[in-house]
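Reviewing the structure listed below.
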Amino acid sequence: MSVLVDEDTRVVVQGITGGEGKFHTEQMLEYGTDVVAGAVPGKGGQEVAGVPVYDTVSRAAREEDADASVLFVPPAFAADALFEALDAPLDLVVAITEGIPTQDMSRVYRRQQETDTYLVGPNCPGVITPGEAKLGILPGNIFSGGSVGLISRSGTLTYQVVDNLTERGLGQSTAIGIGGDPIIGTDFIDALELFNADSETDAVVMCGEIGGEDEEDAAAYIDQHVDTPVVGFIAGRTAPPGKRMGHAGAIVSGSGTGTAESKINALEAAGVPVGDTPEEVADNVSDLL
Amino acid sequence: MSVLVDEDTRVVVQGITGGEGKFHTEQMLEYGTDVVAGAVPGKGGQEVAGVPVYDTVSRAAREEDADASVLFVPPAFAADALFEALDAPLDLVVAITEGIPTQDMSRVYRRQQETDTYLVGPNCPGVITPGEAKLGILPGNIFSGGSVGLISRSGTLTYQVVDNLTERGLGQSTAIGIGGDPIIGTDFIDALELFNADSETDAVVMCGEIGGEDEEDAAAYIDQHVDTPVVGFIAGRTAPPGKRMGHAGAIVSGSGTGTAESKINALEAAGVPVGDTPEEVADNVSDLL
Amino acid sequence: MRLHEYQAKEVFAEAGIPVPDAELARTVEEAVAAAEEIGYPVAIKAQVHVGGRGKAGGIELVENETEAREAADRILGMDLKGFHVDRVLVEDAVNFVNEVYVGVTMDRGVGRPVAMVSSRGGVNIEEVAEEDPDAIAREHIDPAFGMHDFQARKAVYDAGLDRDVAGDVASILTTLYDLWEERDGADAEINPLMVTADDEVIAADAVFNIDGDALFRQPDLAELEDEAAEDDLEAKANEYGFDYVRLDGNVGIIGNGAGLVMTTLDLVDYYGGAPANFLDIGGGAKAERVANALDMVFSDENVDAVVFNIFGGITRGDEVANGINSALEQFDDIPKPVIVRLAGTKAEEGMEILNTDLVQVEATLEDAVQAAVAAAEEVDS
Amino acid sequence: MRLHEYQAKEVFAEAGIPVPDAELARTVEEAVAAAEEIGYPVAIKAQVHVGGRGKAGGIELVENETEAREAADRILGMDLKGFHVDRVLVEDAVNFVNEVYVGVTMDRGVGRPVAMVSSRGGVNIEEVAEEDPDAIAREHIDPAFGMHDFQARKAVYDAGLDRDVAGDVASILTTLYDLWEERDGADAEINPLMVTADDEVIAADAVFNIDGDALFRQPDLAELEDEAAEDDLEAKANEYGFDYVRLDGNVGIIGNGAGLVMTTLDLVDYYGGAPANFLDIGGGAKAERVANALDMVFSDENVDAVVFNIFGGITRGDEVANGINSALEQFDDIPKPVIVRLAGTKAEEGMEILNTDLVQVEATLEDAVQAAVAAAEEVDS
């Protein structure tokens, strides 16, 4: 089992004709993902990596019976492409694009909340169910199938943690990169809900970072609703207030909210062991299983 | 019993300090309506007809425990006032104002559909439950308590029909003026649903008119979902295409949709007898009860 | 409120939609001068609010001065489906290979705007809608967000337009929608939007109707209103602030409230008469308004008798009765017989006030209408 | 991106928000001339990105030329919480009876904008928020609709503002919100918004931070960016397109991906070292980008050793290794010891490529960080 994506997921790549779109389409196909169409306005009728391109997402979805998309559209056009995916409608949209203006995402999020579409990202590495499908840019080779669910705000940190898990023989059910932006679709709570309901996920790793209060909210949710054991990690303990640490969302506000300390305390209070290093995270998972 | 309003309804008058607001507040109070507050920006602290005025609807609702409003705000400010009422939030908003721009109403309607607030109107005479409460400008004296529910797109036509009913001793449970605009909150179907669920409404009169397809939709709804007998009337049989007959919504389109004929046929096909004159409507009700 | 083609094109052009070179002309000389300046061939187009102007002879394509003069002379002053033509638009005739349709209107059934595109432009779109609804791509717009760019593209591609012009048409549709939204449009249409051999697009016709209820915040468009009014009586109704529609019959009708007035019209028809007009004096009318209403209906030479039907809610029967009395007392001879029915607020007082030397009073709606129909028949015969 | 007070005020004034007469000065003479022109009393205000400028001595109220000269002389060139002051705003001192706060920001917790009003203006609003959260009225805005007028009024009345100024403050809040929305604001604040004895309101301070990701569609604001940049190294990072933050420590850190770089910083701290910076080279970096990153970190004189931590996804270990080799081969003497750890895509190839005469290679993140901390300690001692 898995959450969000599996071997039956039929994927449209939005922005398939761009450099990144094309490269990662090939990578996704190679991993076994069922990429059935691309969508780029004005490029309908073309083919990329053997995949037919349509002018609109709705037509791509209709003609190829797609249910998910992955988005490599440049930031200036990404919000429009997201609205298009929500309208198609698709069940899942994974937005890889980094640098979407926050107000654009606020409007997308407003609309997405009214729909039944899962939005993952933006500014995320994607979603992978090892051995079945990956939607995004995650390097497939480091993942291995298993029963650990992974939720992370960061891409390469995810790889690091997965590497530590895989090294100990702890395979993954699904890994979800929820993204490093201030406003994202699927958040920790949404992802925890999915994993908690998944019979084949036996433990969940959540990699948080400074900024916002999502980890604190997740801790409260875990305390109330999550039976599956959860292990945590928080990046940014050394980040000074007021400085954006790469991710648009990774910033400790001037008034001191969003600190690593607050998140670690909240998680620990909810019974979630928080590792000091990625290795310790893997140790903690190992202890639970 | 009754629908939408009764003696426990606690009413805020939006625009209470204007000429119409003040006059009809007095009329509503006289009828026994529990008008508990007025709301007009910048007029907080005043009193109108013994009713305290607040600067915002939310404060009026909070301080006076109100659950409904009736709106006498001029068209240019009405949409904003409606958004304010939806936000307060109130259970019921009755918008009397005529002449609200259609695009404003489209936005209000978009928002209202997401809320739990009933919106009646705009451009309507209001709602009355005889002997209990009236919200609006309906002349209370022509109504009498009873078991006939009334739904109408028009004000004075309502009075005419009520007069014919009352003459025959057919009292009313509640009368709802749904309004003559192209975009309205509560439509025939919404009102029919309320009356159908009301144990003390034994028959429903619906007064439609040319324009739009609400009556046709209502006919289909009646056919499928309404057990309470329904009697109809349609104004505008003689209206030529392309001319607006007073109400913004009362227009037979150039392509011929929205005609009286189409509405009458639809209703009759759904088993709803449609009277040729208001007197005949009363006769038809009489026959049913 | 309906704009004329030339007014709509000015508004569209200002927003960046390409339109042909054109000039308005009120005389044959002006028309010829305009044609010379623009260069032949030009189209000479009657500026009246009538659909199907082409078929009705209101549009002509001319190649030279002689033809221009003849066409202008014929069209200016002609009667087009009941409308007098006093202006023509002289316009560069566009060489096109294709005609498409784009439009925006409010879909009242869902309470949302709808944008439409069809590859079958240049013909009556309502006929297309009936014959082959799938030939029109429709995209409902969320009024909270406005039209998303993808929706314009989707409509254009769903309509099957060529990829070579899709981008330009989508961008014109976006402009049209934004204009419709900003300027409180009721209907905005370009039909046809012509496509030239080198894939340029240009609006060869333009419809822009404005929501009359929103004119208060569109002052520049409101100024155009007078220019667009056509019928003297309807202009008078505007001045008095009445909802008024002129019809073909001979029974004049005055009442309060749109539904009740429509019902009165219907009853006139039901009892064998023919309504001359719809006139709603609205709620709470005072004496002067009552007098104005009578003036309106008396001014209509087709009217043979008048039925005055009031059901008072806010409107008071006594005020109406006083208004009727004082309006009629001015006349030595009452121009047309007036039948009055008052009900509702202060109706009894009103009935007593009414001067029965001047008017005939009836107790019910049905009786009043029947009396008016009979009176009109008598005058007419 | 943060605007300076004087830049923010220009933007606000253009939108119709009243601001005091003011002029920017870069020298004492300019400041005195400005003061003379505006008329005493004036405020002389350091233009640096520092909160609490007043308390820190960066703002002074002066009554005459002597005072103006002294104040300008003292403030220009001063070091304010680590920032060098090279510009002052000379501004008409407003006579006020009351100070309020208005602001707009994105509430990321709910994904919606929030408009705020408080009667406790003129003080640190974050302190107010902590001490007495109810003193700030907050109104969440639906981004699909924008701020409704009633919301501005509601915020103002809920904040308990006087009815005499409520309308003006609500209208300023509306303008501020619209500006924030149109110009892609991150935070927009007026604190204090001064209220004069005759109920005029005027923005005595102004904060306007722009969403850096939206600068592509705010070209005029993007032009202000250079003017606002303060730190040489941060300016260089902008040029190179790196996400870079300078810190106090001596272990330079380069990595790919924000979360992993932050984690590397945290591990430096965890193993007893002190990070000198955050530097994310992003995904898919090629040799030149690697060299630029090394240049950045070498340029920081505080750095004693560098840890280069790459987990390749899109980024390829071999490319990174080649970049590191070629960057370091230029030096006769490597300026600071560099410890490299490569994992993920083509990591093994990269490890083989790396010239171990130039760098120290470690197999795990933990080992690499510990080695860097040790190396920095050694250099430092």
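Bear in mind the structure is a predicted one, so any value in this text is a computation, not a measurement. Lettering follows sequence order; numbering is per chain, from 1.
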Minimum heavy-atom separation for D:Phe216 and A:Ala76, please, with both atom names.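 In terms of heavy atoms, the two residues are closest at CE1-CB, 3.4 Å.
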Does any part of the side chain of [Y], heavy atoms only, come nearer than 4.5 Å to the side chain of [X], both counted from C-beta?
X        : Y        : answer
D:Phe145 : A:Arg110 : yes
A:His247 : D:Asp280 : no
A:Gln103 : D:Trp180 : yes
D:Leu247 : A:Pro240 : yes
A:Arg244 : D:Val245 : no

With only heavy atoms counted, which part of [X] is less than 4.5 Å from chain D, the side chain, the backbone, both or neither?
X        : result
A:Ile234 : backbone
A:Glu280 : side chain
A:Ile184 : neither
A:Tyr159 : both

Side chain, backbone, both or neither of [X] within contact of chain A (heavy atoms, under 4.5 Å):
X        : result
D:Thr345 : side chain
D:Asp184 : both
D:Glu181 : both
D:Val261 : neither
D:Leu267 : side chain

Problem set entry | Full working for salt bridge (charged side-chain N to carboxylate O under 4.0 Å, His left out) between D:Arg217 and A:Asp104 | CA-CA 12 Å; D:Arg217 61 187 177 200; A:Asp104 286 5; 2.8 Å; yes
**Message:** Does anything in residues 362-371 of chain D reach chain A? List residues with heavy atoms under 4.5 Å apart, or say none.
**Reply:**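 Listed by number, the contacting residues are D:Leu365, D:Glu366.
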(request) Heavy atoms only, distances under 4.5 angstrom: which of A:Pro182, A:Pro139, A:Ala260 has the most pairs with chain D? Name it, please. (result)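 The residue among A:Pro182, A:Pro139, A:Ala260 with the greatest pair count is A:Pro182.
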message: For chain D, which candidate among A:Asp214, A:Asp163, A:Ile137 shows the most heavy-atom pairs at distances under 4.5 Å?
response: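 Ranked by heavy-atom pairs under 4.5 Å with chain D, first place is A:Asp163.
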Interatomic spacing from [atom1] in [X] to [atom2] in [Y] - rounded to 0.5 Å:
X        : Y        : atom1 : atom2 : value
A:Gln160 : D:Thr264 : CD    : OG1   : 8.0 Å
D:Leu260 : A:Thr158 : CG    : OG1   : 9.5 Å
D:Tyr271 : A:Asp276 : OH    : CG    : 9.0 Å
D:Arg112 : A:Ser106 : CZ    : OG    : 7.5 Å
A:Arg237 : D:Met262 : CZ    : CE    : 12.5 Å
D:Phe311 : A:Leu157 : CZ    : CG    : 10.5 Å

For the residue pair A:Thr238 / D:Asp269, report whether a side-chain donor-acceptor contact shorter than 3.5 Å exists.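 Distance-only check fails for D:Asp269 and A:Thr238.
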